[in-house]
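I have placed the structure first, in the form of structure tokens, so that the comments after it can refer back to it.
Note that this is a predicted model, so its numbers are computed, not measured.
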Amino acid sequence: MGLYAVLLICLSQAELGRVWAQEHEGKPPFFNVNTQCRSTNNTTITTTFLHNRLSIDISPLPDNMTRIVEDSQRYYRWQSFGPTERQTASLWVDMDNLHKNQVRIHGILSNAHRQAARVALSFDFPFYGHQLRQIIIATGGFIYMGEITHRMLTATQYVAPLMANFDPSFSKNSTVRYSDNGNLFVVQWDKVRIKDREAAGPFTFQAALHKNGTIVFNYKDIPLPVEEINSTEHPLKVGLSDAFMGYLPTSQLSEAKRRTIYEYHRVAIDTTKIVSGSAFEFTPLPTCLQHTSCDLCLTSNLTSGCGWCNTLQRCSDGIDRHRQEWLDYNCPEEAKGMCEDYNTVLPEATMSSFNHSSPDIQTSPPNNGMTENTAIIAGVVAALVLLVALTLLAVYYINTHPTVAPPFYLMQRRTNNYWPSMKFRNQGCHSSYAEVELGGHEKEGFIEAEHCC
């Protein structure tokens, strides 16, 4: 009877496979993306998955959502240095004096406009308390630090020494190069010019990421005041930003995934302080995420507002990149407890009674060892015979019904931490992103960079 039931399930899956194949025949394998761009003070990026459609929308943060979008000095402490100060010269990394093996000129970025490339780091870089091992360098004078790429990289989660509409492809002398020595990663935009304002002169500046989390912006050549750079075709930003992704219900379809990126903190630098020979240094401050035990989480004088989620074994204030997971596991309620609530120690009376009763326990060898072993072997053999019979029946049915699609529709594509091969259509924006994975010895992708707001 069980054999017939399993066979019936196989046949029904094959029939469903045929129907699924008919419904999806001729449909494109990629997502279609529609975007609406609106200017808001508190930026969010909303992504909605509806079957094979994906829409991105920018909307203001809900009123009941905790948000910190200004520089609250909670995550970084920063200071600026002028051209005449000693620290400025010591902060600049002279890549011309480094060994050639330590410096790499990115061929694609140095000959392109509005593109970005994924680069792996040789060390864990702490950014807002999160350990990162890869970044995305953009021709537009910034580094994208997010784990999930989208078509609006300029919106949030960036390290931006000077985000603007730079075009390295204008001149052969313009390059985007970087260096990684295991303790310091440096990106330098060298002699790059602003699109449609090439006559203003070349810009040379760099961003340095130190292993301890320190970030340095260095400016060697700034030919015109930054506030005079046009931000119509490309956003103009200088500073740091991070965000978290959350899920929101959608009224269009109950099964649809709606992912919204909330920017929870931003450091915006006064652009009037950016001149040739200036520099900015950002020193990371302790965060709740660095505590690995409940005692440190709740008693450390380095941080405040931290709570311990014993289920996740994580210390957090609820505002970081793991916020959605923090909510999913009911950590806000769990964080209200004390460390003693999670220390389950067996009482002495129980331990004593256990110790006293232990010697009284007697064991005797089983008398029916051979009978039990024989039954187990017989059961295994019967299961193997049944499996072979079911396999032969399934193969026979598929071969005798060539027009029916096998039930492989249940196998879905492996998800990744970015969305490749997405077509993007803008309404009110000037261009779009499209990520491509390059072949070669090392895996490296590049994105045709664009901005929406």
Side-chain angles (χ1 to χ4, degrees), residues 69-71 73 75-95 109 114 127 135 137-145 153-168 170-171 173-178 184-210 214-242 265-284 449 451:
V69 294
E70 71 282 354
D71 180 17
Q73 296 282 324
Y75 299 94
Y76 287 91
R77 182 179 64 251
W78 63 274
Q79 54 184 332
S80 60
F81 303 98
T84 59
E85 300 185 54
R86 294 181 181 177
Q87 294 89 334
T88 305
S90 61
L91 291 175
W92 175 263
V93 180
D94 192 351
M95 302 184 75
L109 299 184
R114 293 181 183 270
F127 183 66
I135 59 175
I137 304 174
T139 57
F142 70 98
I143 304 172
Y144 177 70
M145 311 294 286
L153 300 186
T154 59
T156 184
Q157 293 187 306
Y158 55 74
V159 170
L162 184 52
M163 181 190 295
N165 193 17
F166 291 108
D167 183 11
F170 175 78
S171 171
N173 295 326
S174 300
T175 60
V176 178
R177 48 182 175 165
Y178 60 91
L184 175 65
F185 183 89
V186 184
V187 182
Q188 181 168 318
W189 292 264
D190 194 42
K191 299 182 178 63
V192 294
R193 296 174 185 258
I194 299 176
K195 182 71 173 177
D196 298 328
R197 291 200 64 179
E198 292 84 0
F203 290 71
T204 298
F205 55 95
Q206 61 184 208
L209 309 181
H210 293 258
T214 301
I215 301 173
V216 178
F217 295 165
N218 291 310
Y219 305 93
K220 183 178 181 181
D221 296 316
I222 306 296
L224 78 160
V226 175
E227 56 269 23
E228 294 183 7
I229 299 177
N230 188 0
S231 60
T232 303
E233 299 294 328
H234 193 287
L236 178 63
K237 299 180 182 179
V238 178
L240 313 176
S241 172
D242 199 24
H265 188 266
R266 181 191 305 169
V267 180
I269 299 300
D270 184 4
T271 57
T272 60
K273 296 183 178 181
I274 300 177
V275 295
S276 298
S278 61
F280 294 86
E281 184 178 36
F282 303 85
T283 303
H451 93 280

Given 3.5 Å as the limit, does a donor-acceptor pair link the side chain of K237 with the main chain of T156, or not? no
Check side-chain hydrogen bond (donor to acceptor under 3.5 Å, both in side chains) between T283 and all other residues, then give those that pass, not counting sequence neighbours. none
Taking atom CD1 of I143 and atom CD1 of I135, what is their separation to the nearest 0.5 Å? 4.5 Å
Please check: side-chain N/O of E198 versus main-chain N/O of D196, any donor-acceptor pairing under 3.5 Å? yes
Testing the basics here: between G239 and I269, what is the closest heavy-atom pair and its distance to 0.1 Å? CA-CG1, 4.2 Å
Please round to the nearest 0.5 Å and tell me the distance separating atom OG1 of T175 and atom CG of L109. 10.5 Å
Check each of V159, I137, L153 against F142 using the side chain to side chain contact (heavy atoms under 4.5 Å, CB included) test, and report the only one that passes. L153
Determine, stepwise, if the pair N230 / N165 fulfils side chain to side chain contact (heavy atoms under 4.5 Å, CB included). CA-CA 8 Å; N230 188 0; N165 193 17; over 6 Å; no
Taking side chain as C-beta onward, heavy atoms only, is K273 less than 4.5 Å from S278? no
Nearest heavy-atom approach of S276 to K220 is CB-O, 3.5 Å
Do L240 and F217 have side-chain heavy atoms sitting under 4.5 Å apart? yes
Nearest heavy-atom pair of R197 and E228: which atoms, and what distance? NH1-O, 2.9 Å
Report the residue from H265, Q157, R266 that forms a side chain to side chain contact (heavy atoms under 4.5 Å, CB included) with D242. Q157
Between E233 and R114, is any pair of side-chain heavy atoms under 4.5 Å apart? yes
Side-chain donor or acceptor of N218 paired with backbone N/O of L91 under 3.5 Å: yes
Can you name the residues that form a salt bridge (charged side-chain N to carboxylate O under 4.0 Å, His left out) with K191, not counting sequence neighbours? none
Would V275 and I222 count as a side chain to side chain contact (heavy atoms under 4.5 Å, CB included) if you check the C-alpha gap in whole Å, the side-chain angles of each, and the deciding distance to 0.1 Å? CA-CA 6 Å; V275 295; I222 306 296; 5.7 Å; no
Over all heavy atoms of both residues, which pair between P223 and A200 is shortest? Give the atoms and the distance, please. CB-O, 3.3 Å
Step by step, work out the side chain to side chain contact (heavy atoms under 4.5 Å, CB included) result for L209 and F127. CA-CA 10 Å; L209 309 181; F127 183 66; over 6 Å; no
S241 side-chain N/O to Y158 backbone N/O, donor-acceptor pair under 3.5 Å: no
Are any non-hydrogen side-chain atoms of D190 and S174 less than 4.5 angstrom apart? no
In this structure, OG1 of T214 is separated from CZ of R77 (nearest 0.5 Å) by 9.0 Å
What is the minimum heavy-atom distance between M163 and T154, and which atoms define it? SD-CB, 3.7 Å
With distance as the sole test, does W92 use its side chain to make a donor-acceptor pair with the main-chain N or O of Q206 at under 3.5 Å? no
About how many Å separate CZ of R177 and CH2 of W189, when rounded to the nearest 0.5 Å? 12.5 Å
Can you label the angle between the F166 ring and the F203 ring as parallel, tilted or perpendicular, going by 30° and 60°? perpendicular
Are F185 and Y178 an aromatic pair by the rule of ring centers under 6.0 Å? yes
Can you tell me how the ring of F280 sits relative to the ring of Y219, calling it parallel under 30°, perpendicular over 60° and tilted otherwise? perpendicular
Between G82 and T88, the two heavy atoms sitting closest are O-OG1, 2.6 Å
State, yes or no, whether a side-chain contact exists between T204 and V192 at a heavy-atom distance under 4.5 Å. no
